[in-house]
Amino acid sequence: MKKFFWILLSVAFLFSMQYTAALAGDIKVGVLNMKRLQQRSANFQRIKEGLKKKYNAFQKKLDAEKEQIQKLEIALQKQSMMLSLDAKEDKAIELGKLTRHYKYMVGEVTQEMKDAEFEATRKVGKEIEKVVEKIGKKEGYTVILEEGTVGLVYFDDAIDITAQVIKAYDQVKQ
């Protein structure tokens with residue numbers, strides 16, 4: 001009796017699997033290469049250039065601060081024999097303040113750049129997600145995967161939609 005029950009359950013399971021496959025119809029899969037999209041998308045390159053300009057502006061401020069510290073160090077070394085103990089101490093305190101301020105600025109600039117990069121990545125990711133979703137619905141894709149994700153070992157280049165996504169993403173942002 002138990003054998004009959006298990007056989008009946010197995011047959012029912014097999015039929016249910018075939019029923020699900022029949023309902024699924026044609027399955028259309030696409031693959032997106034994000035690295036190639038980042039390298040070839042004109043819009044992504046504009047965003048990258050904007051971040052680079054922001055970084056360069058911060059770097060100029062840091063360089064000016066560092067130059068001021070170096071000038072003070074050189075002046076302190078040159079004048080150390082001629083300055084009184086109190087004057088040397090005042091210059092050393094001033095140098096310490098400038099050095100601490102510089103270190104603080106480096107930390108602030110680093111954090112600000114990380115935040116700007118994170119925000120840009122998040123914004124671009126959402127925009128690309130919308131573009132991919134639109135393409136997926138329009139073209140009738142069942143699933144679109146990102147190349148390099150866990151579990152995606154092989155795919156035929158015929159299902160790579162990266163060029164299509166790049167074109168659509170750049171058109172959206174013009």
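Bear in mind that the values here come from a model prediction, so they are computed numbers and not experimental data.
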Check: Who pairs with Tyr141 by side chain to side chain contact (heavy atoms under 4.5 Å, CB included), at least two apart in sequence or on another chain?
Finding: Lys28, Ile135, Glu139, Ile144, Ile161, Gln164
Next item on the list: Please answer whether the main-chain N or O of Gln38 pairs with a side-chain N or O of Ser41 as donor and acceptor at a distance below 3.5 Å.
Entry: no
Checklist line | Exercise: identify the closest heavy-atom pair between Ile27 and Val29 | finding: CG2-CG2, 3.9 Å
Next item on the list: For Asp160, enumerate each residue passing the side chain to side chain contact (heavy atoms under 4.5 Å, CB included) test, keeping only those at least two apart in sequence or located in another chain.
Entry: Arg36, Phe155, Thr162
Note to self: Is there a continuous path of hydrophobic side-chain contacts, each under 4.5 Å between heavy atoms, that joins Val109 to Tyr104?
What the structure shows: no
Next item on the list: Measure the spacing between CD1 of Ile47 and NZ of Lys123 and express it to the nearest 0.5 Å.
Entry: 6.0 Å
Check: How long is the gap from CG on Leu51 to CE on Met113, to the nearest 0.5 Å?
Finding: 5.5 Å
Note to self: Nearest 0.5 angstrom please: Ile69 CD1 to Arg100 CZ, how far?
What the structure shows: 10.5 Å
Notebook entry, point to check: Does any pair with a residue in residues 104-115 pass salt bridge (Lys or Arg N to Asp or Glu O under 4.0 Å), and if so which ones, sequence neighbours excluded?
Noted result: none
Next item on the list: Quick one: list whatever passes salt bridge (charged side-chain N to carboxylate O under 4.0 Å, His left out) with Arg122, sequence neighbours left out.
Entry: Glu119
Result block: side-chain N/O donor-acceptor pairs under 3.5 angstrom for residues 84-99, not counting sequence neighbours:
unit_1	atom_1	unit_2	atom_2	d
Ser84	OG	Ala87	N	3.3
Lys88	NZ	Ser80	O	2.9
Thr99	OG1	Leu95	O	2.8

Check: Between Asp170 (side chain) and Asn43 (backbone), is there a donor-acceptor pair under 3.5 Å?
Finding: yes
Item checked: Minimum side-chain heavy-atom gap Val172-Glu127 below 4.5 Å -> no
Note to self: For residues 63-81, which residue pairs pass the salt bridge (Lys or Arg N to Asp or Glu O under 4.0 Å) check, not counting sequence neighbours?
What the structure shows: Glu67-Lys71
Note to self: With rounding to the nearest 0.5 angstrom, report the CG to CG distance, Leu145 to Asn33.
What the structure shows: 12.5 Å
Notebook entry, point to check: Does the distance from a Lys or Arg side-chain N to an Asp or Glu carboxylate O, for Lys137 and Glu133, drop under 4.0 Å?
Noted result: yes
Item checked: Residue pair Tyr169, Val132: steps toward the side-chain contact (heavy atoms from CB on, under 4.5 Å) verdict -> CA-CA 9 Å; Tyr169 178 59; Val132 169; over 6 Å; no
Notebook entry, point to check: Just how far is it from atom CZ of Phe44 to atom CD1 of Ile128, taken to the nearest 0.5 Å?
Noted result: 7.0 Å
Next item on the list: For residues Met34 and Leu32, determine if any side-chain heavy atom of one lies less than 4.5 Å from a side-chain heavy atom of the other.
Entry: yes
Check: Hey, what do you get for CG (Leu37) to NZ (Lys167), rounding to the nearest 0.5 Å?
Finding: 14.5 Å
